[in-house]
J.: 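Before I ask anything, let me first share the structure, which is written out below as structure tokens.
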Amino acid sequence: MTKSKSAKPKATGKNRKRRFGNRFEIPLNVDQLEVSFGDRHVKLTNLNKLFWPELKITKRDLLQYYADVSPVLLPHIRDRAMVMKRYPNGAAGEFFFMKRAPSPRPEWIEICRIQHGSKMVDFPMVQDLASLLWVINLGCIDLNQWYGRCDDAERPDYLHFDLDPVAGTLFEQVREIALILRDALASLKMPSFAKTTGSRGIHVYVPIVRGPIQKEVWTFARELARVLQDAHPKLITTTYNVARRPQGSVLVDYNQNASGRTLASVYSVRPTAHATVSMPVTWKEVERGIAIEDFRIDNVCARIKKLGDLWAPLVSERKRFPLESYLR
């Protein structure tokens, strides 16, 4: 895989500040405009289009949300291939996936070229506020990036588990499984961080030292998930056949660690009825009780201003777990 090179805009340094300040505001009185960040120019279109008609949330509101959270969001998605999931008619409309960066496109959009199956695919990367707004303007509601950075996309920075409730399972049980998984990881001396998926479940991530290839990370996640299934057969399943999953159980999905898979990134808005957000939470909050609908496009910015980026350790080089010790 190769990473294209392009000049950084003058605004890049400001965009990287992980704090809220100097808010970029999209005007209310226009339906389209061009915004500039140094020598990078982005056309924003159909700003008045309702993406959540019942909530009166427009495409402008979605773009403004991502501009507001960009200081904490960008470090988590920078230098990674982005798979675009486009909703041209809003959250309730049909969507389609797009891996290859569209053409024509701004010349400053950086590309991550990866061998994907039998083809070389030029994925776009979201490097700064300009490229973030460009992607969202294409109709992307949530952001789905690769786990490995572009310079070696097959060596991820973390392993993770997607806790997905079987139909009819209460979210309270998802929280219970998340705590079981946390304790299992802690017994292995592995740090773990939780976030709501913004949809139905919880994501649990472990920051690891870069080194193992994706298949090795996947293998470890599979074995741990199966151990938990054996210990809690009525609560946890790893079965991918939907019809064979036990009623009232939670799928501990390890398969998302496979090469080329993606999950909605932290701080992603989800195309749900309540415009919920995939939000970092503390383990104490998981213990006390949270709900998916607690974190929405209209309230998470205030939470971030108060708590900062709870997932900052996921992008830090410090205190990452050396997974190789369990692969020998």
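All residue numbers in this chain count up from 1 along the given sequence. Only this structure's heavy atoms are used, side chains among them; waters, hydrogens and symmetry mates stay out.
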J.: Would Trp311 and Tyr267 satisfy ring pair (Phe, Tyr, Trp, His ring centres under 6.0 Å), going step by step from the backbone distance to the final call?
T.: CA-CA 10 Å; Trp311 267 36; Tyr267 304 116; 8.2 Å; no
J.: With a 6.0 Å cut-off (strictly less than), is the heavy-atom count around CD of Glu324, excluding the residue itself, greater than 12?
T.: yes
J.: Under 3.5 Å, is there a donor-acceptor pair between the side chain of Arg210 and the main chain of Asp157?
T.: no
J.: With no hydrogens and no angle check, just 3.5 Å: does a side-chain donor-acceptor pair link His41 and Ser36?
T.: yes
J.: Ser199 and Thr197: side-chain donor and acceptor closer than 3.5 Å?
T.: no
J.: Is it the case that over 12 heavy atoms from other parts of the model lie below 6.0 angstrom from the NZ atom of Lys49?
T.: yes
J.: Is it the case that one hydrophobic cluster holds both Trp218 and Val83, taking links as side-chain heavy atoms less than 4.5 Å apart, direct or via other members?
T.: no
J.: Would you please say whether a donor-acceptor pair under 3.5 Å links the side chains of Asn89 and Glu94?
T.: no
J.: Under 3.5 Å, is there a donor on one side chain and an acceptor on the other for Thr262 and Gln145?
T.: no
J.: Looking only at heavy atoms, which two atoms of Val209 and Arg320 are closest? And how far apart?
T.: CG2-O, 3.5 Å
J.: Do Tyr147 and Ile213 share a hydrophobic cluster, counting only Ile, Leu, Val, Met, Phe, Trp and Tyr and linking them when any side-chain heavy atoms are less than 4.5 Å apart?
T.: no
J.: Is there a path from Ile208 to Leu327 through hydrophobic residues (I, L, V, M, F, W, Y) whose side chains come within less than 4.5 Å of each other?
T.: yes
J.: Using ring-ring contact (aromatic ring centres under 6.0 Å, His included) as the criterion, point out the one residue from Tyr326, Phe220, Phe193 that pairs with Phe321.
T.: Tyr326
J.: Is there a donor-acceptor contact under 3.5 Å linking the side chains of Lys59 and Asn137?
T.: yes
J.: Ring-plane angle category for Phe24 and Phe37, please: parallel below 30°, perpendicular beyond 60°, tilted otherwise.
T.: tilted
J.: Is the Lys NZ or Arg CZ of Arg105 less than 6.0 Å from the centre of Trp134's six-membered ring, within 45° of the axis?
T.: no
J.: Check the hydrophobic clustering (I, L, V, M, F, W, Y; side-chain heavy atoms under 4.5 Å; chains of links allowed) and say if Phe97 and Met84 are grouped together.
T.: yes
J.: For Thr238 and Gln229, run side-chain hydrogen bond (donor to acceptor under 3.5 Å, both in side chains): C-alpha distance rounded to whole Å, both residues' side-chain angles, the deciding distance at 0.1 Å, then the answer.
T.: CA-CA 7 Å; Thr238 61; Gln229 176 184 245; 3.1 Å; yes
